[in-house]
Amino acid sequence: MKFFVDTANLQEIQEAHDLGVLDGVTTNPSLMAKEGIFGHDNVMAHYKQICEIVDGDISAEVIATDFDGMVREGELLAELHPNIVVKVPMTREGVKAIRHFSERGIKTNCTLVFSAGQAILAAKAGATYVSPFVGRLDDVSTDGLQLIEQIVHIYGNYGYQTQVLAASVRHVMHLVQCAELGADVVTCPLSVITGLLNHPLTDIGLQKFLADHAKGNK
Ligand code: E4P
C-alpha cells in the first residue's frame, strides 16, 4: 500500500519524505489556503517545490467547475512536472474532463467520492486514482471503511486499473483497516503516518535494553 501525505505544508512534506516511506502527496484548495498560497503563479510555484521534495505522484486540484476550464487548468498543471496528477471533482463535467485527460495520458485523481456508483463512473472514465473520503463519511454516521471495501471488491470484479486512494484518513486505525481491505493508497496527515510508530511496549522495551546495556558499562 502506498503512503501519500495529505498536506501542502512543505515542512511536513519534507519530514514525511525524510522518514523514507513516502510515495506521494495530495493537496486540495483548503490545504493550499491553510498555507496562505493564493494566486496562479504562487500556486504553480508551490506545486513545483513539492515536486522537488518528493519523487512520486503529486495531486494538484483544479478550481474550475466547467469542462473547458478544468481542461485548461489541468493541462497547465500537467505541464509543470511529469509527477503531477490532476485532481478533478466527481461531477458531470469532472467525469468528462477525466476521460479527456486519460485519453491524453494525463494522470487524474477523482476526488470527493462518497458512493460506489461514483467510484464506478470514475473507473469507467479512466481515472488513475479514485478518492473515497473515509473520515467525512464517518462524520455523517456512515461507515467510510465499508465504502473502501465495496470499491475494492467492485474494481476486482472487472480488473479496473483505477487505484483506490483512501482519503480523509484521520487516524491510525483507519490506515490499518484500509490496508486490511486492500486499498492501493492511503492519504493522511503526517501525524497519522508517525502515529504508526507508537507502542508503549516498544518504549518500555528499549528503555530496559539500554538500562541493561548501561549496567555492563559501569
Ligand atoms: C483528499 O485528497 C483530501 O485532500 C483529504 O483527504 C480530505 O481530508 P479531510 O476530510 O480530513 O479534510
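Counting convention: from 1, in listed order, for ligands and their atoms alike. Please read all numbers here as calculations on a predicted model, not as lab measurements.
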**Message:** Could you check whether any side-chain heavy atom of V85 comes within less than 4.5 Å of a side-chain heavy atom of Y129, counting everything from C-beta outward?
**Reply:** yes
**Asked** Does N28, backbone or side chain, put an N or O under 3.5 Å from an N or O of ligand 1?
**Response** yes
**Request:** Among all protein heavy atoms, pick the one closest to atom 11 (O) of ligand 1 and tell me residue, atom and distance.
**Result:** R170 NE, 2.9 Å
**Asked** Checking salt bridge (Lys or Arg N to Asp or Glu O under 4.0 Å) for the pair D66/R92: CA distance, chi angles, key distance, verdict?
**Response** CA-CA 9 Å; D66 62 302; R92 183 186 293 259; over 6 Å; no
**Message:** Students should be able to answer this: which protein heavy-atom is nearest to atom 12 (O) of ligand 1, and at what distance?
**Reply:** R136 NH2, 2.8 Å
**Prompt:** How far is atom 5 (C) of ligand 1 from its nearest protein heavy atom, and which residue and atom is that?
**Reply:** D6 OD2, 2.8 Å
**Item:** Nearest non-hydrogen protein atom, atom 2 (O) of ligand 1
**Value:** K87 NZ, 2.7 Å
**Residue part near ligand 1, for S168, under 4.0 Å between non-hydrogen atoms** = both
**Message:** Looking at D68 and R72, is there a salt bridge between them, counting it only when a charged N and a carboxylate O are closer than 4.0 Å?
**Reply:** no
**Item:** Flag side-chain contact, heavy atom, 4.5 Å: T108 against R99
**Value:** no
**Asked** Does one side chain, of Q14 or D18, offer a donor that lies under 3.5 Å from an acceptor on the other?
**Response** yes
